[in-house]
Amino acid sequence: MSENTTTRRSRTHVSCTVNGDQVDFLADDGTSLLDALRDELDLTGAKEGCGTGDCGACTVLVDGRINCSCLMFAPEAEGCDIVTVEGIAEGDHLHPLQQTFLEGAALQCGVCTPGFLVSAKALLDENPDPTETEIRYALAGNLCRCTGYDKIVRSVQEAAVQLRGAAR
Amino acid sequence: MPRAHLMTPLRRFADGESVIEVEGATVGEMIVELDRLFPGLGEMLTMGSSAAVDGLIHAEPEFLAVEPDADVYFVAPLTGG
Amino acid sequence: MTITEDRPAYKWVGTRPIRHDGYDKVVGKARFAADRNFPGQLHGAFLRSPHGHARILAIDTAAAEVMPGVKAVVTGADFPDLPVGNPERDTGINLMARDAALYVGHVVAAVAASTRAEAEAAAAAIEVRYELLPVVLSIDESMADGAPLANPDNRTAFSGSDDPSNLATVTPLERGDVDAAFEAADVVVEREFDTAWVHQGYIEPHACVVDVGPDGRADVWASSQGHFRVRSQTAAVLDWDTARIKVTPAEIGGGFGGKTTIYLEPVAALLSEKSGRPVKIVMTRDEVLRATGPAPASKSRIRIAATNDGELTAIDGWIGYAVGCTNDMAGFVGAMSVASYKFPNLKMEFVGALTNTPRSAAYRAPSAPQAAFAIESVIDEIAQALDMDPIELRLKNAVVEGDLTSMGGPHPRVGFVECLEAIRDSEHYRSSVPEGAARGIGTGFWFNIGEQSSATVNLNEDGTATVITGSPDIGGSRASMALMAAEELGIDVHRITPVVADTESVGFTDVTEGSRATFATGMAVVNACRELVEELKARAATILGVGADAVEWVDGAAVAADKDPLPLAGITAKAKGTGGPLTVTASLNAGGAGPSFAVHCCDVVVDDETGRVEVLRYTTAQDAGTAIHPSYVEGQMQGGTAQGIGWALNEEYVYDDDGTMLNASFLDYRVPVASDLPMIETIIVEVPNPAHPYGVRGVGETGIVPPMATIANAVSRATGVRLSSLPMSPPKVLAALDER
Amino acid sequence: MRYAAPATVEEAQALLADDADAQVFAGATDLVPQMRAGRPAPSLLVDLKRIDRLTSVTHEDGRWTIGAATPTADLTRNEAFTAAFPGLSEGAGLIGSDQIQNRSSLGGNLANASPAADSVPALIANDGQAVIATADGTRTVPAAEVATGPGHTSLADGEFIVEFTLADPPAGTGDAYLRMIPRTEMDIAIVGAAVRVTVDGDTISDATVVLGAVAPTAVVVPDAAAALVGASVAGGTLDDSATAALAEAAEAACDPIDDKRGTIAYRRRVAGVLARRAAAIAVERARNGA
């Protein structure tokens, strides 16, 4: 076997904010943001379900907007504000969506849950009173194979009610 | 004597019989007796069967005790997803 | 909504606490298979066959072995050749080809390297010389006279024959006099059906990390429905002692049957053994779709006879399953799935036929959905022919306790009639059908299984408890275990920590499949708790200074006449002085898993210019026996239904003539998205299973059985055309409308 | 593989001039899946999103200028743009999920040269012009002339699309885009149809019909447009003979393939259906806007 483990990889220094913390890491230029978050920063909340932007399990907020982190090259994150599922609770205080997902049994296996929470948060940040149809279309980029979506949609509706109540 | 009921695929190993009365205090003893009557049937019962007794399906029923007037249905082992 | 037969009043069973593992899952802390890294870990990658069927003449790994970062390469030559008859022989061949590649995507070699990219590059540099062999891709091709063999290893199971064959199983079922019944029938409907290959579609791809130490012991971290099976299969495939292998269950990101077998662990183990480093392998989505267990495609012909007053007098039919490249029991198991109606006369044959496609794997009530699609479609057509309400027709013929199952033997107490009545009486069924839409009914069931489970319950010093089982939690079963323990012990469910332990920390437990975890493992938990309560009463007698017989266990406390109740925490605090730790392990081989029936109802609209089917409204009623945690029972019903809707409308494998899958992505393998579905209304029916202490029936399997016929029956009523081919995708529906 | 994020068009041109194997990208929503499916990795990834000109949208002197890398979410949320080109906004908004919408762009959608690209038929129907950075400057061509076949464009090595320009539609104009997918979201169009009409009184005075996913590129169908021009829309609906002729012309213009997503016969049939339905919407919008 070869003992030569050096390869001519181009690595870029990336400096950005992740869940409110200033972070710096080195990433292969072709590495996805998802792999950088998981492997360099050990933030394994975002998952790879497909690697092609079709399942949404890797969804993170980039400058306030949802992105499939599997489709983003890590160096693109330079200077960006990234929020992952690990960053949506406020300290020990769960985000209302996290709480309604738990109370509403909106997760079974839980592997799609991080992506759903991030997408749903982005939806409610922009549209505090979405219809069921708006919720379903806003979450259409996130696949869930366990729940049939029913309890997810209901939990988002319930969180929206709570958030509107808190805003009043 | 307890009665052994064979599901259709097993009948080809028992000259087409579907219900056979055989001695046995356990399902395993019934299988031994069935194999004596129909050589080769025992292997099929051991390899690919569960037994339903009194409405309950038992996997690997060899040592299950049976009443003298029991109906023992040899059925397929089941699985799931 | 829940419809419940009389039963004892429970304090915890039937409540909806937040699941114990939930917090980790909503904050991103839960560790799934791909979420762990071992120090010094390498990454594995595969070389897969580009051919549907090819003899492997030579494999040259020399170039790959000297590529950057490469630490180990393995091929089929590194695996022991298990004897024919060893049940894991096919498992081993499926995860690493030996003499021949049996399908496009079959693993031919594997590489471990410092990075995944290096491993992939090296795998691509391995040179394989193939001799192409004829490819068998369908049931018809497989069963044709003189058909080439899809896998020369195969023998027809239970046939007594040692001749190579494309037939995996041939299972006839017969009772009564079918010919006479058809002769005497008032109405006869006969149809042919076919269904496509479909995938379980779990969101988490298969992954594992294996670390084989210098002592030869393997530490395995894996995503699976059964880590004890990962251990036994890995040991069998490698011909290793079981005790060399420890498997720790990762959180599992969906399985639905597809993670009841292994694809990676023995390969990772050999790569780790060779390199002396931990090896991680994570499948891509493409690999998952191309090379892990889809459910079999099927083809069927069903003929049913009825009298004018709606008695179903006979069924005669044939159902074939394309099982993939190795022997599989799909046809055999499918035979067991026809037992919903009394049918005094029955003559059916079920066949499993080999094809050069991935080895099929269990998928939720394996083999039943294909059969139910055909049979429930024909029954609906009989209802139409007789102008009878589809539920009334089914009620007239539904099995009850004592009626024979398809394989013989009487049904135990079942809740089919209750489910039919629940739908008949539902607001949905009683409402008028929306303008332009049509309504369909379908039913299904699954026998469910028991099998072996172990549970250890530890009472802690402060009166809290730890419930340890070996059943991977794929849909909330930890919460169910805790609820049953809370009911037995009489303590708050959140003072109980349910744990899924590794293969060295809990007794042997079979796979979480067949809807058995809450049933069988739950029974083990109950047994352990009951034994603990006896021990608690004895300890309490010592503490209270009364005779052992004088103590009762009431609502979490020992109660004796003239004494203050002694709560559980008061006993655990004095455990040391009364005999030591309070811990009990219970193990069992559970019999008596009760069948769970379901009845579905849906409203659809069909766009008759494009063939698109939209599901407007959907209701499911299912017998759960007793719903331990109703939210997760509903979740199983809704999830199974959603998968069934996908199977019905859009999911299918598209192969080219060489057996290459053309749509191996979530873009083109179309599982339902949120906007495709309506809310899925649930009616939990509770007809307790007499064989379980709380009356539990497994609920995971059945939900996927009825949707295909339910939707087809609705589409048929909407359009006047009987859709007999799945999926009912827009092009197929439009073509059927054109033939109207 | 290296990554570069130039800040100006000129910097990007220089990078591309230096490396024949470089690849520009905006959202990478097609590039990443293609690379995972085995497309060779380029030596240099040139990220166009840090160039202000490529991500800005302006409306001046009756002309819209849309940066080629502007996320399509920015277009669908732009009320003035959506009011002017509702069909194009719809088409752009159909590219993938909300996640994808924050990455996908008109430039990427066109340059990827998929016949099924959802934003392209309406871009062509609205006579969009593509401003292309060449080795040493820019050139402008109709958007219809960029894609030449599946995966192929008229862009020379080193060229990339900078922006699109669109003239304000004349009064009484409406456009619409419809596509057929088996699901409700997350699919590639089996058929797409964009229709733009201008209504003068009760008569259609001008029309364009563009079909997607039924030929190697999006196709302009003059016969279908001819079926519309002169048709009466009195009472708000097209007359039956015009819609029948429109559908027939749309079907005749199809040169589809059988593939995993649809059949020739199905595509042809549904092209006529969608053309009719899109025309009805476009007419309604034209009348409301008139």
Side-chain angles (χ1 to χ4, degrees), chain B residues 2-21 26-28 30-31 34-35 38-67 69-81, chain C residues 157-160 169-175 200 225 255-258 260 295 329 332-333 335-336 347-348 350 361-367 401-402 404-413 446-452 511-516 589-593 690-691 698 700-701 704:
Chain B
R3 285 172 296 277
H5 297 253
L6 302 182
M7 62 179 292
T8 318
L10 294 167
R11 294 176 197 164
R12 70 186 105 152
F13 302 103
D15 294 346
E17 295 288 329
S18 59
V19 186
I20 306 160
E21 292 201 354
T26 63
V27 172
M30 290 175 71
I31 291 175
L34 287 164
D35 194 58
F38 304 102
L41 176 59
E43 186 191 344
M44 291 299 147
L45 294 176
T46 317
M47 198 165 75
S49 282
S50 299
V53 184
D54 294 334
L56 294 189
I57 295 175
H58 300 266
E60 303 200 12
E62 186 179 357
F63 302 105
L64 190 71
V66 292
E67 298 294 319
D69 61 344
D71 285 290
V72 176
Y73 293 85
F74 287 97
V75 299
L78 289 167
T79 178
Chain C
F158 314 125
S159 69
T169 55
V170 179
T171 309
L173 293 178
E174 234 179 310
R175 67 172 175 244
Q200 296 82 349
Q225 289 175 239
F256 317 111
T260 57
M329 293 289 125
F332 192 57
V333 175
M336 309 313 138
K347 186 177 180 189
M348 299 279 292
F350 298 81
Y363 180 18
R364 237 177 173 141
S367 310
E401 183 173 1
L404 292 182
T405 68
S406 47
M407 50 186 159
H411 270 297
R413 178 79 173 93
W446 189 244
F447 274 109
N448 296 326
I449 61 170
E451 305 279 315
Q452 303 171 91
V511 177
T512 299
E513 65 177 359
S515 298
R516 61 172 293 279
N589 177 17
E701 313 287 305
I704 201 171

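Letters A, B, ... mirror the listed sequences (proteins, then strands); counts begin at 1. Values in this document were obtained by computation on a predicted structure and should not be read as measured data.
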- prompt: For C:V170, is it the side chain, the backbone, both or neither that has a heavy atom under 4.5 Å from a heavy atom of chain B?
  reply: backbone

task: Compare every heavy atom of C:G409 with every heavy atom of B:Y73, then report the nearest pair and how far apart it is.
output: CD2-N, 2.9 Å

- prompt: Given a strict heavy-atom distance threshold of 4.5 Å, which part of C:A691 is in contact with chain B: side chain, backbone, both, or neither?
  reply: side chain

task: Find the one option among B:R11, B:H58, B:H5, B:R12 whose heavy-atom pairs under 4.5 Å with chain C are most numerous.
output: B:R12

task: Locate the shortest heavy-atom distance separating C:F158 from B:F13; write the atom from each residue and the value.
output: O-CZ, 2.9 Å

- prompt: Which bit of C:E401 comes within less than 4.5 Å of chain B, counting heavy atoms only: side chain, backbone, both or neither?
  reply: neither

Region of C:S406 in contact with chain B, defined by heavy-atom distances below 4.5 Å: neither

statement: Applying a strict 4.5 Å limit to non-hydrogen atoms, the region of C:E701 in contact with chain B is side chain

- request: Mind checking the CZ-OG spacing from C:R175 to B:S18? Nearest 0.5 Å is all I need.
  value: 12.5 Å

query: Based on non-hydrogen pairs under 4.5 Å, which of C:M329, C:E174, C:R364, C:Q200 is most in contact with chain B?
result: C:E174

- request: Please name the pair of heavy atoms, one in C:P172 and one in B:P9, separated by the smallest distance, quoted to 0.1 Å.
  value: O-CD, 3.2 Å

message: Counting only heavy atoms not in B:E60 (residues, nucleotides, ligands), do more than 12 fall under 6.0 Å from its CD?
response: no

- prompt: Of the non-hydrogen atoms in C:M336 and B:M7, which two are nearest, and what is the gap between them?
  reply: CE-CE, 3.2 Å

task: Go through the atoms of C:L173 and report whether side chain, backbone, both or neither lie under 4.5 Å from a heavy atom of chain B.
output: both

statement: If one checks every heavy atom of C:Q225 against chain B at 4.5 Å, the contacting part turns out to be side chain

